[in-house]
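Just so you know, ligand 1 is whichever comes first in the structure, and atom 1 is the first atom listed for that ligand. Because the structure is predicted, anything quoted here is derived from the model rather than measured.
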Amino acid sequence: MPTSNLPAEPVLSEELPVAEACLRNRRPILDVLGRYVPEDGFVLEVGSGTGQHGAYMTEHLPGVRWRPTEVRSRLADVRLWHQHTNNPRFLAPLELDVTQDIWPSRDADVVFSANVVHYISWREVECMFRGVQRILKPGGLLILYGPYNYDGQFTSEGNVELDKWLRERNPDSGIKDFEQVMLSARKYDLFLQADEEMPANNRTLVFKKADMV
Ligand SMILES: C[S@@+](CC[C@H](N)C(=O)[O-])C[C@H]1O[C@@H](n2cnc3c(N)ncnc32)[C@H](O)[C@@H]1O
């Protein structure tokens, strides 16, 4: 789906919560999603943060419906972005903690999550894969954006600092090993299709759910 010739950036209201990182990374993420998300696809986002990604992606991917989700304590921000955006394809945010057994949506073509895997524990990552396995359509995609280690090594000084900050906040969080993420996803019938290089030492991992599960 072409994503060039983008219209001018909208002016942001002062009351809207803004994640600066999201402003920097949304265009490269859009370029990747434009290649993987079906034109009329339904995307469920996990850990939407402010909700900016969904607002931006639905503006630039005509036909795509996007359901943002967040843990209860963070839902208010996403609601503000949802109201501000006023795009019927950017659906109302729903509560979702990846550890809950029943997820509030199903039959997604794509599950997208940015900067969540390093923010949560391994137990929560496994819960996320289990939930994604349940609600993704056969042949659907899980798309994860964020930093990963390779061969047990950090890929930049910035990622070393990020990991330190994350573990001080929550010792069970931290940047995960790409190889372990890949093997863990496989247990839930999610098979790596692509590992795309992104700016600022981030990656986009694309997993496909087996067709016949
Ligand atoms: C670093 S922020 C990323 C936010 C947004 N995706 C972005 O890229 O700007 C990580 C997000 O994960 C969410 N999160 C943490 N634990 C979670 C859980 N158990 N289930 C779902 N989301 C969770 C947090 O509320 C937070 O918004």
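Near E124, the atoms of ligand 1 lying under 4.0 angstrom from a non-hydrogen atom of the residue are 19 (N). Listed by number with element, the atoms of ligand 1 under 4.0 angstrom from any heavy atom of V71 are 17 (C), 18 (C), 20 (N), 21 (C), 22 (N), 23 (C), 25 (O).
With hydrogens and angles disregarded, a donor-acceptor distance shorter than 3.5 Å links the side chain of N170 to the backbone of D172. Listed for the R89 side chain is a donor-acceptor partner under 3.5 Å among the backbone atoms of T58.
The protein atom (non-hydrogen) at minimum distance from atom 1 (C) of ligand 1 is N115 O, 3.2 Å. Nearest protein heavy-atom contact of atom 21 (C) of ligand 1 is L96 O, 3.5 Å. The nearest protein atom to atom 27 (O) of ligand 1, hydrogens excluded, is given as E70 OE2, 2.4 Å; this is a heavy-atom distance. Among all protein heavy atoms, the one lying closest to atom 19 (N) of ligand 1 is D97 OD1, 2.9 Å. Residue, atom and distance of the protein heavy atom nearest to atom 16 (N) of ligand 1 are I120 CG2, 3.4 Å.
Taking only non-hydrogen atoms, the option from G49, G47, S73 nearest to atom 6 (N) of ligand 1 is G47.
A salt bridge links R35 and E196; the closest N-O separation between the charged side-chain nitrogens and carboxylate oxygens is under 4.0 Å. A salt bridge between K137 and D109 is present, with a side-chain N of the basic residue lying under 4.0 Å from a carboxylate O of the acidic one.
For S48, every heavy-atom contact with ligand 1 shorter than 4.0 Å involves the backbone, none the side chain. Heavy atoms of H53 found under 4.0 angstrom from ligand 1 belong exclusively to the side chain.
Using a 3.5 Å distance cut-off with no hydrogens or angles, the side chains of W81 and Q52 do not pair a donor with an acceptor. N87 and T85 are not linked by any side-chain donor-acceptor pair at a separation below 3.5 angstrom, with hydrogens and angles left out of the test.
Residue contacts with ligand 1: T99 is placed with no nitrogen or oxygen under 3.5 Å of a nitrogen or oxygen of the ligand (distance criterion only). Between V98 and ligand 1, a contact under 3.5 Å exists for at least one N or O pair.
Inter-residue side-chain proximity for V71 and L96 is flagged as unmet; no heavy-atom pair is nearer than 4.5 Å. Within the 4.5 Å cutoff, side-chain heavy atoms of W103 are placed close to those of V98.
Ring pair F112/H53 is perpendicular by interplanar angle, where above 60° counts as perpendicular and below 30° as parallel.
No heavy atom of M128 sits closer than 4.0 Å to any atom of ligand 1. Residue-ligand proximity: V116 is placed with a non-hydrogen atom under 4.0 Å from ligand 1.
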